[in-house]
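Working notes, beginning with the structure itself.
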Amino acid sequence: MALLIRNLSQIATPAGSRAVRGPSMRELRVIEGGVIVIDGERIAYAGPERDIPGRIRSSIDRDHDGGGATALPGFVDTHTHYDGQVTWD
């Protein structure tokens, strides 16, 4: 089943419906006052609540108040800072 996160002030996510990387990440879609639906480990929908597709809407069984936060679904920052000195003898 799915989780609905509502009461978000903004959602900023990469434009389009496919995964992007590099310079394409600069093209943002900003949604004012939208919602996010998470189904399992997947973002099923991000956008205005009134536009949630029926098949997704019918799977929602939990509701969470986003508390006016800004959400950044779709952004994954995989870089790391490794301190090699930790492993020095």
Side-chain angles (χ1 to χ4, degrees):
M1 300 314 286
L3 167 67
L4 170 68
I5 304 172
R6 66 173 78 231
N7 191 22
L8 295 168
S9 64
Q10 288 184 325
I11 299 171
T13 189
S17 59
R18 296 180 181 253
V20 295
R21 65 181 191 173
S24 297
M25 296 283 294
R26 293 184 190 131
E27 298 174 28
L28 294 180
R29 177 177 168 221
V30 178
I31 303 159
E32 301 291 335
V35 300
I36 298 172
V37 179
I38 301 171
D39 189 2
E41 296 181 6
R42 183 178 71 87
I43 298 169
Y45 177 80
E49 186 168 0
R50 68 181 175 276
D51 295 339
I52 298 174
R55 63 181 172 70
I56 294 174
R57 185 179 300 276
S58 66
S59 71
I60 296 169
D61 65 339
R62 291 169 290 148
D63 193 308
H64 178 76
D65 182 353
T70 296
L72 305 170
F75 282 94
V76 178
D77 182 359
T78 60
H79 86 278
T80 185
H81 296 265
Y82 177 75
D83 185 357
Q85 187 174 4
V86 171
T87 61
W88 292 355
D89 291 330

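Residues passing the salt bridge (charged side-chain N to carboxylate O under 4.0 Å, His left out) test with Arg57: none are found, sequence neighbours excluded. Asn7 meets the side-chain hydrogen bond (donor to acceptor under 3.5 Å, both in side chains) test with Asp65; sequence neighbours excluded.
In terms of heavy atoms, Pro73 sits closest to Ala12 at CD-O, 3.8 Å. Minimum heavy-atom separation, Arg6 to Glu49: NH1-OE2, 2.8 Å. Between Gly68 and Ser9, the shortest heavy-atom contact is O-OG, 3.0 Å. Contact record, Gly47 with Ile11: N-CD1, 4.3 Å, taken as the closest heavy-atom pair.
For Arg55, the CZ atom counts as loosely surrounded, since its 6.0 Å shell holds 12 or fewer non-hydrogen atoms of other residues, nucleotides or ligands.
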N/O donor-acceptor pairs under 3.5 Å from side chains in residues 27-39, not counting sequence neighbours:
unit_1, atom_1, unit_2, atom_2, d
Glu32, OE2, Gln10, NE2, 2.9

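When side chains are defined from C-beta on, Ile43 does not count as touching Thr13, because their heavy atoms never get closer than 4.5 Å.
Criterion: ILVMFWY side-chain heavy atoms under 4.5 Å apart, direct or through other members. Under it, Leu4 and Ile56 are part of a common hydrophobic cluster.
The CD1 atom of Ile5 lies 6.0 Å from the NE2 atom of His64; values are rounded to the nearest 0.5 Å.
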